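Lettering follows sequence order; numbering is per chain, from 1. Nothing here was measured: the structure is a model prediction, and the numbers come from that model.
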Amino acid sequence: MPELPEVETVKLGLNQLVIGKKVASVNFNWSKSFPNAPEDVRQFLVGAQLLAVRRRAKVLIIELDSKYSLLIHLKMTGQLVFVGTQTRFGAGHPNDSLIGQLPDTSTRVTFTFTDGSFLYFNDQRKFGWVRLVPTAEIPNIDFFKKVGPEPLAADFTVAAFHQRLLRRPGSGIKAVLLDQTVIAGVGNIYADESLWAAKIHPITLVRSLSASQTKTLFIALRDVLELSIAKGDSSDKNYVDAQGKKGSYSSFAKVFRREGQPCERHPDTMIIKLRVAGRGTHICPQCQKVVI
DNA sequence: CACTTGACCTGTCCGC
DNA sequence: TGCGGACAGGTCAAGT
């Protein structure tokens with residue numbers, strides 16, 4: 001679902017919308033979506049002020065003034081949608097149309113702020129979660145200890161990319177791109193898009209990638225991620241940003257969900273869909289030849 | 001050990 | 001229409 005660009009877009013939106021707000025109450029209707037004990041919620045979340053929203057890999061980190069932070073993973077169908085009040089925003093504000101629309105059947109957690117505004121965590125499939133953890137302990141959480149580098153970090157180089165990939169030399173490149181311990185934040189859409197852009201077949205073994213293919217893939221991956229963020233996110237079905245708006249990246253996708261349509265580089269060749277690393281995978285069979 | 005598969009959930013879409 | 005099955009952007013645990 002939401003991958004790095006979507007989570008980044010939600011982060012940017014929340015930073016505009018919720019910083020400084022104070023939590024008045026929290027409701028949740030599915031305990032796996034928010035597994036913390038109610039007494040921790042009362043003690044460290046209710047009454048706390050939101051200081052900052054950060055992102056690491058696909059995880060959102062909302063820092064509170066209680067020395068605790070909320071960690072949020074949207075997984076496949078999660079959304080974080082802010083809804084203000086009519087009086088606060090006035091007619092014509094993008095959130096006006098959402099007033100009265102939420103909560104709905106997919107709402108798992110509702111945060112109510114002291115000014116009367118809301119933040120809803122919606123998640124149709126219930127895979128996502130919200131967790132309250134001591135801010136100082138975040139670096140000690142298993143996931144954060146194991147997760148790979150941020151692909152858009154200024155100090156992430158081709159050499160670093162190559163070195164990370166070589167942790168799994170005998171695996172297909174798509175499986176490795178999806179491995180969060182190798183590189184953070186890449187999911188199914190951007191794996192397919194970057195491999196198409198670099199003209200690499202997804203089952204190509206890492207060890208058989210040439211230096212120039214690795215460099216091309218590195219550039220392609222950063223380009224698709226940056227383009228998607230620039231388009232104000234991305235994707236598809238369930239994804240919406242912090243204001244409940246859908247993204248537009250799917251109209252820029254070259255292969256993802258475009259099976260049966262012509263490849264932009266080979267108008268006579270149709271994009272096909274296969275299964276690689278257990279995931280639906282889209283390629284141009286003309287650009288992306290199998291080379292093991 | 002390295003890699004693949006199944007489980008977690010609900011909704012939608014496709015074919016009969 | 002109704003029903004069964006496959007499938008959906010992620011990640012872990014369990015299996016081979």
Q. Base, sugar-phosphate alone, or nothing: which one does A:G278 contact when heavy atoms must sit under 4.0 Å apart?
A. nothing
Q. When all nucleic acid strands are considered with a 4.0 Å heavy-atom cut-off, which category describes A:K273: base, sugar-phosphate, or nothing?
A. sugar-phosphate
Separation of the [atom1] atoms in [N] and [M], to the nearest angstrom:
N	M	atom1	value
B:dC9	C:dA13	P	15 Å
B:dA7	C:dG5	P	16 Å
C:dC7	B:dT5	P	13 Å

d([atom1], [X]; [atom2], [N]) in whole Å:
X	N	atom1	atom2	result
A:I141	C:dT11	CD1	P	15 Å
A:D142	C:dT11	CG	P	15 Å
A:D192	C:dG10	CG	P	10 Å
A:L274	C:dA8	CG	C1'	17 Å
A:K145	C:dC12	NZ	C1'	17 Å
A:M76	B:dG11	CE	C1'	12 Å
A:L74	C:dG10	CG	C1'	11 Å
A:I189	C:dG10	CD1	C1'	12 Å

Q: Could you tell me which residues satisfy salt bridge (Lys or Arg N to Asp or Glu O under 4.0 Å) with A:R168, sequence neighbours excluded, listed by chain and number?
A: A:D179
For the residue pair [X] and [Y], establish whether any side-chain heavy-atom pair is separated by less than 4.5 Å.
X	Y	value
A:I272	A:I283	yes
A:L50	A:L14	no
A:R108	A:N29	yes

Q. When you measure from every atom of DNA chain C, which of residues 167-179 of chain A have a heavy atom less than 4.0 Å away?
A. none
Q) Of the options A:R56, A:R54, A:R164, which is the one that meets A:E150 in a salt bridge (Lys or Arg N to Asp or Glu O under 4.0 Å)? A) A:R56
Q: Might you point out which heavy atoms bring A:N188 and A:E3 nearest each other, and give the distance in Å?
A: N-OE2, 3.2 Å
Q. Is the distance from OP1 or OP2 of C:dG10 to the nearest side-chain N or O of A:R279 less than 4.0 Å?
A. yes
Q) Do A:K21 and A:D115 sit within salt-bridge range, that is, some charged N less than 4.0 Å from a carboxylate O? A) yes
Q | Reported CG-to-CD1 distance for the pair A:L119 and A:I62, which is rounded to 0.5 angstrom | A | 6.0 Å
Q: Group every Ile, Leu, Val, Met, Phe, Trp and Tyr by side-chain heavy-atom contacts under 4.5 Å, then state whether A:L80 and A:V26 land in the same group.
A: yes
Q | Non-neighbouring partners of A:S66 that pass side chain to side chain donor-acceptor pair (under 3.5 Å), sequence neighbours left out | A | none
Using a cut-off of under 3.5 Å, enumerate the N/O to N/O pairs linking the protein to nucleotides 7-9 of chain B.
unit_1, atom_1, unit_2, atom_2, d
B:dC9, OP1, A:K32, NZ, 2.3
B:dC9, O2, A:R125, NE, 3.1

Q. What pairs meet the ring-ring contact (aromatic ring centres under 6.0 Å, His included) rule with one or both residues in residues 31-58 of chain A, with sequence neighbours excluded?
A. A:F28-A:F34, A:F44-A:Y68
Q: Starting at the 5' end of DNA chain B, write a dot or bracket for each base, bracketing those in Watson-Crick or G-U wobble pairs whose two distances are under 3.5 Å and using | for partners on another strand.
A: .|||||||.|||||||
**Q.** Pairwise 5' ranking along DNA chain C for A:G280 and A:H73, keeping only the more 5' one
**A.** A:G280
Q: Give a yes or no on this: more than 12 heavy atoms of other residues, nucleotides or ligands lie within 6.0 Å of atom CD of A:Q16.
A: no
